[in-house]
Amino acid sequence: MSDVTQRLEELTLGTRLRLEELIPRESLVDLTASYHELFGVPLKVFDGSGKLLAEAGPAPSLYVWLASLRGARAALEYVVDHVKQLDPGAGDVSYPCVTGASYRVSAIQYEGRRLGRVIFGPYLGAVPAEVPPELLLAEPDLDPARALALLAEMPRAREETITQVVAHLRRGLEIILFSGHKALLTSNMHLASVKESFKELQAKNQSLQEAFDRLKELDRLKSNFLATVSHELRTPLTSIIGYSEMLHEGLAGELTGEQRDFVGTIKEKGEQLLELIKGLLDLSKLESGTMSLRKSELSIAETLNEVGSTLAPAARKKNVALSVQVSAGLPRLWGDAERLRQVFLNLTENALKFTPVGGSVTLSATATELAATATEDEEDDDGAVFFAAKRPALQVRVTDTGIGIPEAERSKVFDAFYQVDGSSTREAGGTGLGLSIVKRLVDGHDGTISIESNEPQGTVFVITLPLQRAGQR
Ligand SMILES: Nc1ncnc2c1ncn2[C@@H]1O[C@H](COP(=O)(O)OP(=O)(O)OP(=O)(O)O)[C@@H](O)[C@H]1O
Ligand SMILES: [Mg+2]
């Protein structure tokens with residue numbers, strides 16, 4: 001069987017139509033009961049494999065009595081066996097019993113397929129005047145008076161009536177089977193289409209997962225590559241800087257003014273390159289999660305003042321007013337002093353870099369609160385947070401009066417190598433690594449960083465750092 005025909009067979013149920021699937025069992029039981037009530041004749045319904053599905057009407061008293069007599073019981077069993085095996089073809093056939101009664105066997109057909117059979121009987125056409133000779137032959141000692149009395153109690157029907165009843169039942173069943181088949185087909189089609197969409201979804205999921213794994217692997221390779229290259233570049237660069245420093249200081253003999261300038265440039269550019277490489281190394285460590293923060297108690301005032309004095313010469317040179325304003329009595333912070341200095345150094349360098357002559361840059365710190373990241377105990381099954389205490393935190397603002405960052409760029413500047421004006425004619429130097437490192441370091445302290453506008457002009461970087469790590473009270 002080809003794939004398509006097989007699928008079609010499955011959908012349309014092909015040859016596997018079963019009576020029980022098309023008509024609920026209870027409906028069949030009700031139907032047989034109502035036929036028995038109307039015509040008084042017992043009937044039984046069997047499925048295609050001969051299993052009894054429904055029956056109505058008790059066994060006639062004559063048959064109950066005869067079943068207790070040896071000879072008569074054997075004769076009745078013989079009849080019943082034959083009736084059960086009778087093939088009515090596409091229509092119906094009668095079978096006579098030793099009692100003079102009849103059985104009528106009719107096929108249940110649907111779209112040319114045999115789904116089962118109905119057996120009517122036993123019923124009697126007319127009450128006989130004498131005990132039928134076949135019965136006496138089977139049971140010679142039979143009590144004729146009792147037999148005649150019980151024969152008179154038998155369900156009675158004329159053959160034409162039974163023919164009509166059978167035809168009626170067949171038509172009725174056909175209608176029920178048709179609507180049953182339709183319902184079954186519809187639900188099968190529905191099921192098939194659901195299965196199909198599920199399969200498609202699974203396939204898409206799988207390819208997404210594969211793409212994700214591939215990207216993750218690529219990302220890992222990139223981080224490894226960055227780490228290795230930066231590391232390998234650092235050693236020779238340290239030599240270049242060291243030797244140019246020695247030359248610059250005249251350790252290898254006096255230099256002319258021009259030679260000193262050239263060597264000074266080599267040293268300066270070498271140092272820039274070293275900073276860049278350190279940045280790359282930091283980033284790859286942060287991305288691979290291998291950078292460990294050495295946290296201890298620290299004073300934010302100290303950190304910010306250090307940053308302020310480190311960059312004071314640069315600010316003076318550019319004629320930008322740099323100030324540090326820290327509220328008195330701020331609580332101490334739990335963090336990596338070296339890395340936090342790096343964070344604020346980076347932000348302040350940016351602020352100075354993007355603020356024109358005559359502007360100002362301010363570092364300020366105040367106490368605040370941070371919505372706690374809920375621990376698992378505080379979440380219910382759906383992840384809803386019932387109890388999320390605020391955690392004490394410090395807020396540091398790095399404010400400048402510079403060129404500002406447009407709203408649409410604010411989420412992008414934290415990406416590695418992203419610069420708002422990426423053109424080669426851009427005045428400000430740098431590579432676009434600073435903020436991506438800053439963001440990751442702030443994350444590493446469970447803090448948040450965001451960008452606001454400084455009215456009427458400039459940018460404010462707002463960093464909120466919890467005093468303690470999540471879970472620590
Ligand atoms: N205070 C600021 N004012 C205006 N634009 C800023 C400010 N800080 C950052 N930006 C914008 O965000 C970009 C990314 O900053 P980031 O510090 O990551 O890189 P960079 O300063 O260009 O280079 P690097 O820090 O690696 O030397 C900057 O190039 C600039 O366009
Ligand atoms: Mg920068």
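Indexing begins at 1, ligand by ligand and atom by atom, following the structure's order.
Among the backbone and side-chain atoms of N350, an N/O/S atom is found under 2.8 Å from the Mg ion (ligand 2).
Considering both main-chain and side-chain atoms, Q419 comes within under 3.5 Å of ligand 1 through a nitrogen or oxygen pair. Below 3.5 Å of separation, one finds no N or O of Y418 facing any N or O of ligand 1. On a distance-only criterion, L433 and ligand 1 share at least one N/O pair closer than 3.5 Å. At least one N or O atom of V420, backbone or side chain, sits closer than 3.5 Å to an N or O atom of ligand 1.
The contact set between ligand 1 and K353, taken as ligand atoms under 4.0 Å from a residue heavy atom, comprises 20 (P), 21 (O), 22 (O), 23 (O), 27 (O). Of all atoms in ligand 1, numbered sequentially from 1 with element shown, those under 4.0 Å from a heavy atom of V413 are 12 (O). Annotation for ligand 1: atoms under 4.0 Å from non-hydrogen atoms of F461 are 1 (N), 8 (N).
When side chains are defined from C-beta on, R410 counts as touching S453, because their heavy atoms get closer than 4.5 Å. The shortest side-chain heavy-atom distance between L273 and L276 falls under the 4.5 Å cut-off. Between L435 and Y418, the closest side-chain pair of non-hydrogen atoms is not below 4.5 Å.
Judged by distance alone, the side chains of R170 and S106 do bring a donor and an acceptor atom under 3.5 Å apart. Between Q85 and D81, the side chains place no donor N or O within less than 3.5 Å of an acceptor N or O (distance only, hydrogens not considered).
Side chain of T399 to main chain of T459: no donor-acceptor pair is present (N/O by atom type, distance under 3.5 Å, no hydrogens or angles).
The heavy atom nearest to atom 5 (N) of ligand 1, out of those in I403, I405, T459, N346, is found in I405. For atom 24 (P) of ligand 1, the candidate residues are A416, P406, G432; the nearest heavy-atom contact is made by G432.
With respect to D87 and R114, a salt bridge is recorded, a charged nitrogen being found less than 4.0 Å from a carboxylate O. The pair R214-E217 does not count as a salt bridge, with every side-chain nitrogen at least 4.0 angstrom from each carboxylate oxygen.
Between G402 and ligand 1 there is no heavy-atom distance shorter than 4.0 Å.
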**OP:** Assess whether side chain to side chain donor-acceptor pair (under 3.5 Å) is satisfied between Q342 and D282, documenting all intermediate values.
**Re:** CA-CA 11 Å; Q342 190 182 350; D282 280 353; 2.9 Å; yes

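At a heavy-atom cutoff of 4.0 Å, ligand 1 is contacted by no atom of E349, backbone or side chain. Only the side chain of D400 comes within contact range of ligand 1, with a heavy atom under 4.0 Å; no backbone atom does.
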